[in-house]
Each structure stands twice: as C-alpha cells, then as structure tokens.
Colleague: 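Let me begin by handing over the structure; questions about it come next.
The first residue of the sequence shown is numbered 1, and numbering continues consecutively from there.
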Amino acid sequence: MSNRQPEARSQGLWSDLVPVAVPSEAPAAPHGNVLGRIRFTDAPTEPALVEDTPLLTTHMTNEHVTPVEEIWRTGRPVRAGVAGDAVFAEDGEHLFYAVRLGPQPVYRRPVRELYENALRFNWQRGYTDLVRMWNLIGGITSPNADGLETYRDFCIGRAEAFAAFADRFPQLSAATGIGTLSPASTSGSSPRSRVASCTWRIRDRRPPTSTPPDTGRSLRASPGRRS
C-alpha cells in the first residue's frame, strides 16, 4: 500500500502507508530518511524512539483489520531525540513531534500544558509552519468527571494554548481530532489514549533561540535512522 503525496514530496517531505513489519523486519522506507512512524494497531503505547526513530502507536484496529504504519520520510539527514515526555526528529527543515497524555478526570489544564510545551519546543528550535497535526483520542464523546464531553474539554485546553502563543504562531489551524478504539476511562488504570503528533516546517528561516527547551526533563538526541 502506498500513500505518497507528490506535492509534499517535491518539498522534501512525504509519507507511505505500509503493513506493520514483523519483529524481525524493519519497516521499509527506501529513498529517504525516516522522520517519524505512526502505528495504527490494537493497543496504545507510549511514544518512544525505536532504532533512533520516533514511533507513535495508537489503538485504531481490531482482529478484523491489519495493523499499518504511516512512515514519514525526508531527503535530508535526520536527528532524533526525547524532550520530556515527547519524542521528536528533525532534519533542519521539518520537525516531527509526538506525545501522549494518559487518562485524566478533566483534560483542559493538562492539554493546555501539553500544547504549550509543544509550541514552545517548536518555536525555540525555529519551526514556525505547521504541516499536519493529529489528535488521537480514546472515548472522544464520553463525559469527563464534570460531565463535559471529552472532546469539548480537550478543545478548550488546546484553544487556550493557541491563544497564549498567538503572537508567535498566528496561523495555527484547529488540527484534526480522531476517536480511537480505546474505551472511555472509568479509572486511572484505563488504557485510554490521548495522543498528539505533529509535523512542522520552517516558514521564515527564523534561527533557533539559544534558550534550552523548557520541557521539565533533559533533552536527549541521536542521529536518525536511514533506510
């Protein structure tokens, strides 16, 4: 299966949709370096660096559907790393960033903080143009602890973060919200997934700031994977 995007590829960024590889096989990604992987499978897991590549796994399939991966590629050398709870990879022109928020009674404040961290990280590294953003949400129409629909709760926190960074990102879109197959949460042990991933492009070649990313944990980076 292929999901190549000719217009994006001409700008040095493209993606393919492929079946999930068996453990002994690496996902094929010819003619480019892997910027990030999004795995649609039968259970969510925390974002991680796997073979120096960000891997985001979300609950989107069952026993009747074959798991697949969307592999984002670039023609430039890639550097990957961990920033707080997020994983990222960049090639100097594009940045892939993924983070997961676990079950919460109310999502407004933690979602706002998650988005503020992501926006701050991108701004400090000089990436100012949003290419694509996904919000993959389990129990998307279920009520939170206050009785408000989870997606509406989520959107309030996201809107507050966008407003706080409006002077630096005046053209941010609302992005995409997609419900996953993870059930609504009834306790803190629920596997319900709140995942955000996004790809950014440098718009105005603004140089990165000298201030280190304020993510609450140390930044760790390594060369990205080439296929």
Colleague: State, with a plain yes or no, whether a side-chain heavy atom of Ile137 is found less than 4.5 Å away from one of Thr150.
Modeller: yes
Colleague: Looking at the rings of Phe169 and Phe162, which for Trp means the six-membered one, are their centres under 6.0 Å apart?
Modeller: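 When the ring centroids of Phe169 and Phe162 are compared, they turn out to be at least 6.0 Å apart.
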Colleague: Measure across Ala161 and Leu119 and return the closest heavy-atom pair with its distance rounded to 0.1 Å.
Modeller: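 In this case the closest contact between Ala161 and Leu119 is O-CD1, 3.9 Å.
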Colleague: Quick one: CG on Leu95 to CG on Asp129, what's the gap to the nearest 0.5 Å?
Modeller: 12.5 Å
Colleague: Roughly how far, to the nearest 0.5 Å, is the OG1 atom of Thr45 from the CG atom of Leu56?
Modeller: 8.0 Å
Colleague: Kindly give the heavy-atom pair with the smallest separation between Arg132 and Leu130, and that separation in Å.
Modeller: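 Answer, listing the atom of Arg132 first, then Leu130: O-CD1, 3.6 Å.
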Colleague: Does Glu51 come within less than 4.0 Å of Arg37, counting only side-chain N to carboxylate O?
Modeller: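 No, this pair does not count.
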Colleague: So, using side chain to side chain contact (heavy atoms under 4.5 Å, CB included) as the criterion, who are the partners of Glu113 when residues are at least two apart?
Modeller: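 With neighbours one apart ignored, the set is Arg109.
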Colleague: For Val65, which fellow cluster members are found when Ile, Leu, Val, Met, Phe, Trp and Tyr are connected by side-chain heavy-atom distances below 4.5 angstrom, either directly or through intermediates?
Modeller: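 Its cluster mates, by chain and number: none.
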Colleague: For the pair Thr141 and Tyr151, evaluate side chain to side chain contact (heavy atoms under 4.5 Å, CB included) and give the outcome as yes or no after the intermediate values.
Modeller: CA-CA 6 Å; Thr141 59; Tyr151 187 57; over 6 Å; no
Colleague: Side chains of Glu90 and Tyr127, heavy atoms from C-beta outward: is any pair under 4.5 Å?
Modeller: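 SC-SC contact between Glu90 and Tyr127 confirmed.
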Colleague: So which heavy atom on Pro47 is nearest to which on Ala98, and how close?
Modeller: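 Shortest heavy-atom separation between Pro47 and Ala98 comes out as CB-O, 4.2 Å.
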Colleague: For Leu49 and Pro54, work out which heavy atoms get closest and say how close.
Modeller: CD2-N, 3.6 Å
Colleague: What residues, two or more places apart in sequence or in another chain, satisfy side chain to side chain contact (heavy atoms under 4.5 Å, CB included) together with Pro105?
Modeller: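 By the side chain to side chain contact (heavy atoms under 4.5 Å, CB included) rule, Pro105 matches Ala145.
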Colleague: Given Tyr97, which partner from the list Trp134, Phe88, Phe121 fulfils the ring pair (Phe, Tyr, Trp, His ring centres under 6.0 Å) test?
Modeller: Phe121
Colleague: Please report the closest heavy-atom contact between Ala164 and Glu116, naming both atoms and the distance.
Modeller: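 Ala164 and Glu116 have their closest heavy atoms at CB-OE2, 4.0 Å.
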Colleague: Please list, chain by chain and in numerical order, all residues satisfying salt bridge (Lys or Arg N to Asp or Glu O under 4.0 Å) with Arg152, sequence neighbours excluded.
Modeller: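 For Arg152, no residue satisfies salt bridge (Lys or Arg N to Asp or Glu O under 4.0 Å) once neighbours in sequence are set aside.
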Colleague: Treating Ile, Leu, Val, Met, Phe, Trp and Tyr as nodes and any side-chain heavy-atom pair under 4.5 angstrom as an edge, say whether Met133 and Phe165 lie in one connected cluster.
Modeller: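 Met133 clusters together with Phe165.
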Colleague: State the CZ-CG distance between Arg112 and Asn117, to the nearest 0.5 angstrom.
Modeller: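 So the CZ of Arg112 and the CG of Asn117 are separated by 11.0 Å.
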Colleague: Is Val131 reachable from Leu35 through a run of I, L, V, M, F, W or Y residues, each pair having side-chain heavy atoms under 4.5 Å apart?
Modeller: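 Per the 4.5 Å side-chain linkage, Leu35 and Val131 are co-clustered.
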Colleague: How would you list, by chain and number, every residue that makes a side chain to side chain donor-acceptor pair (under 3.5 Å) with Asn144, sequence neighbours excluded?
Modeller: Asp153
Colleague: I need the Glu93 CD to Leu13 CG distance, nearest 0.5 Å.
Modeller: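 If I round to the nearest 0.5 Å, the distance is 9.5 Å.
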Colleague: What distance do Asp146 atom CG and Tyr107 atom OH have between them, rounded to the nearest 0.5 Å?
Modeller: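 Interatomic distance, Asp146 CG to Tyr107 OH, rounded to 0.5 Å: 12.5 Å.
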Colleague: Given Phe154, which of Ile140, Asn135, Leu148 fulfils the side chain to side chain contact (heavy atoms under 4.5 Å, CB included) condition?
Modeller: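 Going through Ile140, Asn135, Leu148 one by one, the side chain to side chain contact (heavy atoms under 4.5 Å, CB included) with Phe154 is satisfied by Asn135 alone.
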Colleague: Restricting to side chain to side chain contact (heavy atoms under 4.5 Å, CB included), what partner residues turn up for Asp167, sequence neighbours left out?
Modeller: none
Colleague: Using every non-hydrogen atom in the two residues, find where Thr53 and Gly36 come nearest and quote the distance to one decimal.
Modeller: CG2-CA, 4.2 Å
Colleague: So, taking the atom named CZ in Arg168 and the one named OG1 in Thr128, what distance separates them when rounded to the nearest 0.5 Å?
Modeller: 12.5 Å
